[in-house]
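Predicted model only: the values in this text are computed from it and were never measured. In what follows, every chain begins at residue 1, and chains take the letters A, B, ... in the order their sequences are listed.
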Amino acid sequence: MEEGSVKLKHISKSYDKQTFAVKETSVDIQPGEFFVLVGPSGCGKSTMLRMIAGLEEITAGEIYIHGKSANDTPPSRRRISMVFQNYALYPHLTVEENILFGLKVRKVPKKEQLRLCLEATDMLGMTEFLKRKPRELSGGQRQRVALARAVVSQMPICLMDEPLSNLDAKLRGQMRTEIRQLQQKLGITMIYVTHDQVEAMTMGDRMMVLKDGEVQQIGKPLDIYNNPANEFVANFIGAPPMNITEAEVQRDGSLRVHHNNSLTLLPASSNMKMHLGVRPEHILLTKTQETDWELSVKISTVEILGNETLLTFEVGETLWKAKIPGQWHYEKGQVTTIHINKQHIHLFDGRTGKMLPESVGVARKPAAVQGGASI
Amino acid sequence: MKKTLFFMSVSLLTLAACASNEEGETNEAEAEGEASAEEVDEETNNEAEISEEVVEIEFWHGMGGGLGDTLEALVDDYNASQEEFHITPEYQGSYEELLTQFRTVGGTETAPALVQMFEVGTKYMIESGYITPVQEWIDKDGYDVTQLEENILSYYTVEDELYSMPFNSSTPALYFNKDMFEEAGLDPENPPRTFSEIKEAAEKLTDEDTYGFSMLGHGWFFEQLIATQSADYVDQENGRTADATEVLFGGEEGLRAYEWLNEMNEAGTFEYYGRDWDDLRAAFQTENVAMYMDSSAGTKDAINNAGFEVGVSFIPHADEIDPNGVVIGGASVWMGSGISEEEQQGAWEFMKWFNQPEVQAEWHVNTGYFATHPEAYNEPVVEGEHEEYPQLRVPIEQLQATVPSSATQGALITVFPESREQVVTSLEELYQGTSPEDALQMAVEGSNRAIEVSERASE
Amino acid sequence: MKQQAADILDTKTLTVQDAIDKYKVASTKTWWQKTGNYRIAFLYLLPSLLLFSVFMFYPMIYSLYLSFFFTDAQGTASAFVGWENYTYLFQSAAFRNSVGVTLLFVLYTVPSSVIIALFLALLANEKLRGIGLYRTIFASTLGMSVAASAVIWLFMFHPTAGILNAALTSINLPALSWLQDSTMALVSVAITTIWMNTGFSFLILLGGLQNIDEHLYESARIDGAGYFYRLRRITVPMLSPTLFFIITITFINSFQSFGQVDILTGGGPAEATNLIIYSIYKEAFIYYQFGPASAQAIILFGAVLLLTLLQFKFGEKKVHYQ
Amino acid sequence: MKRKMILYALLTLAAFVMFFPIMYAFSVSFMTSEDILSRRLLPSSPTLDNYRDVLVSVPILHYLMNSFIVASTATLGMLIVSALAAFIFAFIPFKGRQAVFLLFISTLLIPWEATMIPNFFTIQSLGWMNNYLALTIPFFALAFGTFLLRQHFKTVPQELYEAAQVEGLSNFQFFYKVVVPYAKTSFVTLGIFGFLTTWNMYLWPLLVTTNDTVRTVQIGLRRLQADEVATNWGLVMAGVILVIIPTLILLAAGQKQLQKGLAKGAIK
């Protein structure tokens, strides 16, 4: 049996029969996989998780858990554990009672209960807090209790709904690693919901990017980062987000951004509306062998972060950001030239926002710079 | 706060415990006398254990306060006097609530064997079908009922049949402050009798903080003012030959009473103290009122509580007509139907016992109600009492001087409670400035409507 | 991978209905499983529903039925009279009086109860030493039964032995006929009622006050807002849900005031305190006219329902929920 | 400082006005009838006679016991029944739930007195006269209680319910293992409230009892007042004090709980 697998086939969810909360989604999640559902709030990622958990009914489509159809299986019979955003600890019970709550319900023998409890709290370093009540714990400790509760249940699938969103930044970083390690150690399938693209990037084996209930892209974090399926994904994944600007398509098929040097990319038909995108880290301040396009821009803000500098500058109507290693001092209003490798340019269909598949790598004509000048 | 409350409660509870212990001891010592209800219960249980043959008889009554205590003591006496029956008195609230209670349980297992009922419930009881007329037992037992006070019997006798046994009977009388009479230059030994005499006396007695006259907001007093003029309250010989179809108190007799009250009220010699017996009594005790009408049952209290000489006299009557006397008030005791012969026997025995002169003498002395048996007045205990309180004799004389007629026999109507309410309300309207004619008319219309509704409902 | 994304975007025009038509999976749940929530709801609500049905709904329906009849001495419906009980009521001066008295009584008691309780709650919300004692005292009337309260006031209102008149005469004011005068009697009953209501309203309002975030006051104080400004702009708006609740409850209670009327005035004098609820009681339990009594009960229920709905419709708009 | 003085003055004045009737009743209960008639504020020579007389003339301790049994049973029943209903309204969605809830709330508007007549007949036909059942069962279902508990239950995070579902708790297990302990304070609140209300019932106990076996203390109070003879106010006030003391103590002890719990229920 495919113990630990989750398969969604054309899953849809609608609360009002008018609009989709989740629209026609299909995905196969493998046993032992760390799968992340990511998207901005209201994108349907929690709804999807809750459908997997059985807490929400499915409007249309099929769900298979452990290889078996599970549309009508109640949550308790799906052999899953779940960690909630607010931890869902029972305030009237001690840490130990909270952890063992589910085991008691399932009538696991007392000895076994204790063994599992100790094992889990040991793993999470919570052994000394067993007799405390949740309100006497810090946020991170509560989080660990919730994790321990999931761990002791020994379920092959664990669902997590934004488990780190209530923690401070530092703790979040620490917990990310711990959860990932825990998952690998236990070898369980993890389905993890977050709105934080950093978590998605760092934790997931694969991730699904959602927007307005619709799947935007499914894939490995780096694949998605490098080849975002559309403007939304490009914008959502990566911080600071990808710079995207409308590009004028010249008669000859080359592109021009705000009266700057044009860039020849083929094939592009002149009646096409196009958006051009480039990630902040791919903008260079100096010309190198790699770079084959340059733009003249006006600096608007400079943020020096120590090991890197964030520059914001105006490119036409839009503001671009560049992430430059080292410390750079510029004056506001100063005009400078930036350098970009065409390979790093993403082109999107201006109407649909879809990535144009041929944009990168195909039209890599060397130094197709026409006219214009550097500073 | 908590501490204070705690302390208060602890002290009170301790006190409570002491008090009941104390009572227990006195009881044992005296072997009889007043026992608390708890002890009655205990007795009941004990007796039930000792012999199964004791017949348990429930007796519902509506006597609160000190009267209730007296009644229970009396029942205890009866229980102690014989071994065959055991009467358990059960308080059921006011007379109205008692009637309600009986109405709803009548004919069921919960219904009592004996039930006290105020005089205006008489008609209802007769028609209810839940009672056995005591006449049956009188006939069966050959009991000489004529030995009892005729004027009391007449109220409860319908078509020559006695339905219930007289129990606590009273009539109204006029009570006055003799000291004030003297101060005002009136003769305390020759109190006013007629409406106009009262009016004049009231004028003389009224000063800054004293009103000359007052009357309780209770239909009973108005009924007396009608009856003494020999006028029926309702048609059909006061409802005694057939079901009454309309009220008659709206005639000139009723109007005389209304006008009389209105004149005094307008002259400021009359003050209304509401429907609460106690408020009016207190006003008399504190000398805010010089003359008022009260139940004969309250005579002794009135004398004892007053810091002045209390005079008692016959109720006022209209100048135009010689007084015809009073209608009996209070309550009688009824025998439930649908209970075992044995229980009825017990109930009947209790009724007989209760009407013995000696018992009646005690009852009269302790409560102020009339003795149903005239011979009771010859008992030494009564004579002694009357010696001490000569005023007690006045209501008795008044009752015995009553001219028998349908008017003084009292009215029989099912909707009496409602009619009384109408009368009191209209009197209150009168005191607030409505004209006597209009006020009286309101009461007449309201009562007639009630009679009509009840008639149509029972068709 | 990119191909898949493209496919999904192509389905942009898909409607919910399409999705259902195309992919809806017939549930394998049995009828028994699907109605699980209904069954559990029914099971848990059963005791309440049963009791409400027997002791609330059935009596109301029975009352409705009785209101079209005259009843005989045993209280059973004996003569069908159609709308007569209702038409009679609407023509009857006594009933109109009851309605008027009831409305007046509500007017006397509801605003003053709430204002007094609010005043006490504001006082008791201050952080002072020994405030607990004051709070307990203010709340004390909640522990007083109607019977006990009314009896105490009855004695205080006593025309001659009462302490109120004693106080009045001791400062050379004329004694009042608290319960014997038509206009005064309603006021007296209202005073008693307000006193009795205060404990409950006070407790709830105090609780409401303590739930208001202290920061709001701090920031207002920084802005230099005075006490009354804060009261008007912060306290009352923030307290509005509690106030609304209290007004509704006091309102309903006021309509149903019975015990104090029974003990203090018995509806008199001259029906000046004959609230509808008391009038119903008298009609039913003293006159044994269940028909007209039921008609009044139905009218009262309708009126309270209507007024409460109106209050929710218009009053709740002004309520500021957090 | 000045502000404090003013506050204390206002508080004390208000407390005096509010508490005066109770203190006065307390004072009168120790008075002789002469004291009462002369309208004294404090007894000239405090006497315990009134208390002794009350205990002798009315089985008040027996009544107190009955009241205690009735109020506790009714409170317990009310808590259980209301909690069950409130649980549904807070956690179990079903079509028409809102309508059923409104139906519950509508009972708040039904005047108890208006339903008394048919209820009386019902009690009688059930054979519950003179039985604790008549004094308790009709009060088990209480819209106010259901409403109050529902408001509290709603503060239980939905996640707890879901976590329980995932862990495999049945609804009933969730109810008594999670909801009830979670909303403990609201139970205490409603408990005190329910106890006070049932303790203070007045007309109903009188109607459904015909003897002393199950009668409650409020009737004892009623019985102390007389009609045709003078009321002994000292005696009545002694009765009043005996009757109100248990509830006042309960109130003083549970005041804080009550205030918190009731306030929570009042706010949506």
Side-chain angles (χ1 to χ4, degrees), chain B residues 1-2 4-5 96-97 99-100 103-104 106-107 123-124 127-130 209 217 271-276 278-289 414-415 417-422 424-434 439 442 446 449-450 452-459, chain C residues 69-79 81 84-85 88 92-94 97 130 132-137 140 143 154-155 157-162 169 174-175 177-183 185 262-272 274 282-292:
Chain B
M1 187 61 223
K2 283 175 202 168
T4 332
L5 277 173
E96 281 88 359
E97 285 156 350
L99 176 58
T100 303
R103 279 184 135 131
T104 37
K123 171 86 166 165
Y124 169 79
E127 287 173 350
S128 72
Y130 301 147
D209 32 43
E271 171 72 352
Y272 181 57
Y273 283 93
R275 302 171 182 215
D276 195 325
D278 209 59
D279 289 351
L280 179 51
R281 287 191 181 120
F284 181 65
Q285 302 297 342
T286 51
E287 310 201 35
N288 290 66
V289 163
T414 328
V415 296
E418 187 167 1
S419 175
R420 268 193 177 171
E421 180 67 30
Q422 297 286 354
V424 175
T425 302
S426 81
L427 279 172
E428 282 167 344
E429 294 282 357
L430 177 78
Y431 303 145
Q432 307 280 344
T434 310
M442 275 172 51
R449 161 80 188 172
E452 186 204 325
V453 167
S454 124
E455 210 173 81
R456 281 170 54 194
S458 54
E459 263 165 19
Chain C
F69 287 86
F70 283 160
T71 54
D72 64 15
Q74 276 69 46
T76 42
S78 56
V81 293
E84 182 174 334
N85 285 326
Y88 183 78
S92 136
N97 169 65
L133 174 67
Y134 290 107
R135 287 180 186 166
T136 307
I137 289 178
S140 60
L154 178 63
F155 184 54
F157 286 137
H158 200 289
T160 48
T169 44
S177 296
W178 296 95
L179 298 171
Q180 289 72 42
D181 177 81
S182 288
T183 37
D262 186 36
I263 290 174
L264 289 175
T265 62
E271 307 201 327
N274 200 18
K282 246 178 14 186
E283 196 83 44
F285 286 102
I286 307 215
Y287 310 156
Y288 243 61
Q289 298 293 346
F290 290 155

Discussion item. Please enumerate all residues that pass side-chain hydrogen bond (donor to acceptor under 3.5 Å, both in side chains) together with S426(B), with sequence neighbours excluded.
Written reply: Y258(B)
Worksheet item: Taking all atoms of both residues into account, what is the closest heavy-atom pair of V453(B) and Q289(C), and its distance?
Response: CG1-OE1, 3.2 Å
Item to complete: Counting only heavy atoms closer than 4.5 Å, note whether Y272(B) contacts chain C via side chain, backbone, both or neither.
Response: both
Worksheet entry | Contacting region of F69(C) [heavy-atom separation from chain B under 4.5 Å] | neither
Item to complete: Of all the heavy-atom pairs spanning A79(C) and A457(B), show the shortest one and how long it is.
Response: CB-CA, 4.1 Å
Response to the item:
Under 4.5 Å to a heavy atom of chain C? For Q285(B) that would be neither
Worksheet item: Does some side-chain heavy atom of E418(B) sit less than 4.5 Å from a side-chain heavy atom of E283(C)?
Response: yes
Worksheet item: Relative to chain C, which segment of E429(B) carries a heavy atom at a distance below 4.5 Å: side chain, backbone, both, or neither?
Response: both
Practice prompt. Please look at D279(B) and chain C and tell me whether the side chain, the backbone, both or neither of the residue comes under 4.5 angstrom of a heavy atom of that chain.
Written response: both
Item to complete: Could you tell me the separation between the CG atom of D209(B) and the OG1 atom of T169(C), rounded to the nearest 0.5 Å?
Response: 10.0 Å
Worksheet entry | Heavy-atom proximity to chain C below 4.5 Å, by part of Y431(B) | neither
Discussion item. Taking side-chain hydrogen bond (donor to acceptor under 3.5 Å, both in side chains) as the definition, give me every residue that meets it alongside T265(C), ordered by chain and number, with sequence neighbours left out.
Written reply: T273(C)
Item to complete: Counting only heavy atoms closer than 4.5 Å, note whether E127(B) contacts chain C via side chain, backbone, both or neither.
Response: neither
Worksheet item: T100(B) versus chain C, heavy atoms under 4.5 Å apart: side chain, backbone, both or neither?
Response: both
Discussion item. Quick check: closest heavy atoms across G274(B) and Q180(C), and the distance to 0.1 Å?
Written reply: N-CG, 3.2 Å
Worksheet item: How long is the span from the CD atom in E271(C) to the CD atom in E428(B), to the nearest 0.5 Å?
Response: 8.5 Å
Worksheet item: Where on S177(C) is there a heavy atom nearer than 4.5 Å to chain B: the side chain, the backbone, both, or neither?
Response: side chain
Worksheet entry | Point-to-point distance, once rounded to the nearest 0.5 Å, from OH of Y287(C) to CZ of R420(B) | 12.0 Å
Worksheet item: What part of R456(B) lies closer than 4.5 angstrom to a heavy atom of chain C: side chain, backbone, both or neither?
Response: both
Worksheet item: Hey, does D276(B) have a side-chain heavy atom less than 4.5 Å from the side chain of L154(C)?
Response: yes
Fill in: Residue selection (most heavy-atom pairs with chain C, distance under 4.5 Å) from V415(B), T434(B), T286(B), L99(B)
T286(B)
Discussion item. If I compare all heavy atoms of E84(C) with all of R449(B), which pair ends up nearest, and what's the gap?
Written reply: OE2-NH1, 3.3 Å
